[in-house]
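The next block holds one structure in the form of structure tokens; read it before the comments.
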Amino acid sequence: MLRLYDTASGTVTPLQLRDPGDVSMYVCGLTVYDVPHIGHGRAALVFDVLRRYLEFSGLRVRHVSNVTDIDDKIINRAATEGRAPEEVAEQYEEVWWQAVDALGVLRPTDAPHATAFVEKMVALIEELVRSGAAYETSDGVYLSVEKVDGYGLLAHQGLDSLRAGARVEVGEEKRSPLDFVLWKKAKPGEPTWGSPWGPGRPGWHTECVVMSLELLGDGFDLHGGGIDLVFPHHENERAQAVVWGRPFARHWAHHGLVTVGDEKMAKSLGNYTTLTDLLANTDPRAYRLLVLRAHYRSPIEVTAATLADAEEGLARLDALARRFELAPTLAAVTAAEAPGAGVDPVVLAAFTARMDDDLDTPAAVAGLFDLVRRANTAADAGREDVARALATTVAVLAGALGLELGSGRAEIDEASAALVRQRDHARAGRDWARADEIRERLEAEGWTVEDTSEGTRLHRRGG
RNA sequence: GGCGGCGUGGCCGAGUGGUUUAGGCAGGGGCCUGCAAAGCCCCGUACGGCGGUUCGAUUCCGCCCGCCGCCUCCA
């Protein structure tokens, strides 16, 4: 059984499911106002790995991830560019899904849009006002954190110390600086929805409570996101659920951020690389491997050097796939079926033990590389059956992590294929000069040339 | 200031109270190869500093130094 770090308790605890066999997880998606950067890519990869591993473990996963398609940033961008906010949101949502697909990340089972749930959000806010937990001001409706049992649970701080660090805006009508907005009254020209407090739009923290409970029901299993969402976003979601009287997430999972020179990558800092740029220059699997080689709660540096490192590692895995001509095994089997598919049961047990330990993917990946060496050694010694079993194991377990080996294989064009035939002929005739000349031509075309017992073999490295 | 976390060999990055101190990349040597490529073998004895606990700490405790995250929108 998977044990995961739970932000609420601050400990690694078993992920105990509400409905045994079924996992309900809600992952905070993004606000579609700009192109995604590689930090967003890591977020998608981390939860993709979690989801795939849960499925590999034999569980059914309902994975909900929202799209925030109404927000100040979208409105501002639309205003600046003289476009409709919906148009901006649609454009960047499309960019996001393309990047998700390119990363080999499974799309969520549900991707609700905030704008489709405004009526339900209004209903919730009305209820919170009625119960006395929320109050209206001249610019909106706010939740009074004083009314929330255990406010600060996720932040691991009490109300007093949170208040001590809070910034206070001039002219605010909030009763406490920690109170947060549930409904924003519209200014001229802004998109609006109707409400008892006049035209306006919901605050960010409300959409996730409403959509997660609506789609997954009370007491769903897991709520996740970046570690920077712990406070205030997730704290405030939970606060609304508490006052609403609805059991909320049983478990909270947060991942570490991508850093640049030890600093968080962020739009506001301007130190970001877009996901599109990354994917244009790098095999997406190399980025996945880079992400897997760090623990999901640790920060990772994504630099030319760490990416190159990951690409070399990936090349080693792909070389194994070439050597054994492994078929793609992405999510082909579950752990229960794996032994029947030729996976070494001892290795499988070690793999699941590592993954069950708070998703220790660095250790799991280390285990895979260890297997690569064992498979190659066995093959070098002529122990074909042993070697094949080990290589198959690597492919299946890598597949469980969403890493498809050998899929970077390139189609060989007819001209290159002809050169291969000529080179094999030359080598058969021991015409080394000719063979080397052809190899140079192929290498100039970007091929890596390998001689095997079956003759010349070509492959490409990198993306 | 409060809270959370981190500091491991050239780099990335797990892990552990003590026998052989993951794994990857880079580097050196060797084997294999017509030469390569791929692969295999060998080589690096690291755990921020100072104390304490202990027969013994990188691993436990305390203090210190440095760094990061959150406390404002943020994956």
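Here the structure is a predicted model, which means the values were calculated and not measured. Here is how names work: the chains are called A, B, and so on, in the same order as the sequence lines, proteins then strands, and each is numbered from 1.
In this structure, A:Trp432 forms an aromatic stack with the base of B:G34, since both conditions hold: centre separation below 5.5 Å and plane angle below 30°.
Heavy atoms of A:Gly29 sit under 4.0 angstrom from primed sugar atoms or phosphate atoms, though from no base atom. Residue contacts shown for A:Arg323 are limited to sugar-phosphate atoms, with no base heavy atom under 4.0 Å away. Across all strands, A:Gly39 comes closer than 4.0 Å to base atoms (heavy-atom distances). Nucleic acid contact for A:Arg167: base, since at least one base atom lies under 4.0 Å from a heavy atom of the residue. Across all strands shown, A:Arg427 has heavy atoms under 4.0 Å from base atoms, whether or not it also approaches the sugar-phosphate. A:Lys267 comes within contact range of no nucleotide atom at all, as no heavy-atom separation falls under 4.0 Å. Using a 4.0 Å heavy-atom criterion, one finds that A:Asp262 contacts the sugar-phosphate atoms exclusively. Using a 4.0 Å heavy-atom distance criterion, A:Val449 is classed as a base contact. Contact annotation for A:His295: backbone-only contact, meaning every heavy-atom pair under 4.0 Å involves sugar-phosphate atoms and none involves a base. At a threshold of 4.0 angstrom between heavy atoms, the contacts of A:Leu229 are confined to the sugar-phosphate backbone, with no base atom among them.
A sub-4.0 Å separation between OP1 or OP2 of B:G24 and a side-chain N or O of A:Arg293 is absent. For B:C41, the OP1/OP2 oxygens have a side-chain nitrogen or oxygen of A:Arg373 closer than 4.0 Å. Side-chain N/O atoms of A:Lys264 include none lying less than 4.0 angstrom from OP1 or OP2 on B:A75. OP1 and OP2 of B:C6 both lie 4.0 Å or more from every side-chain N or O belonging to A:Arg297. A close approach under 4.0 Å does not occur between any side-chain nitrogen or oxygen of A:His156 and OP1 or OP2 of B:C3. Contact between the side-chain N/O atoms of A:Arg374 and the OP1/OP2 oxygens of B:G39 is not found at any separation under 4.0 Å. A sub-4.0 Å separation between OP1 or OP2 of B:G69 and a side-chain N or O of A:Ser298 is absent.
Mapping A:Gly313 and A:Ala435 onto RNA chain B by nearest heavy atom places A:Gly313 at the nucleotide closer to the 5' end. Comparing A:Asp380 and A:Ala164 along RNA chain B, the residue whose closest nucleotide (by nearest heavy atom) sits nearer the 5' end is A:Ala164.
Around atom CZ of A:Arg163, more than 12 heavy atoms belonging to other residues, nucleotides or ligands sit under 6.0 Å away.
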Dot-bracket for RNA chain B, 5' to 3', counting Watson-Crick or G-U wobble pairs under 3.5 Å, with [ ] for crossing pairs and | for inter-strand pairs?
-> (((((((..(((.....[....))).(((((.......)))))....(((((..]....))))))))))))....
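The aromatic rings of A:Trp252 and A:Phe248 sit tilted, their planes meeting at an angle between 30° and 60°.
With sequence neighbours left out, the salt bridge (Lys or Arg N to Asp or Glu O under 4.0 Å) criterion links A:Glu90 to no other residue. Looking at residues two or more places apart in sequence or on another chain, you find a side-chain hydrogen bond (donor to acceptor under 3.5 Å, both in side chains) between A:Glu437 and A:Arg434. For A:Asp71, the side-chain hydrogen bond (donor to acceptor under 3.5 Å, both in side chains) criterion is met by no residue, not counting sequence neighbours.
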Under 3.5 Å, which donor-acceptor pairs link side chains of residues 360-369 of chain A to any protein atom two or more places apart or in another chain?
{"unit_1": "A:Asp360", "atom_1": "OD1", "unit_2": "A:Ala363", "atom_2": "N", "d": "3.3"}
{"unit_1": "A:Thr361", "atom_1": "OG1", "unit_2": "A:Leu292", "atom_2": "O", "d": "2.6"}

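Applying the salt bridge (charged side-chain N to carboxylate O under 4.0 Å, His left out) test to residues at least two apart or on different chains, the pairs with a partner in residues 95-104 of chain A are A:Asp101-A:Arg107.
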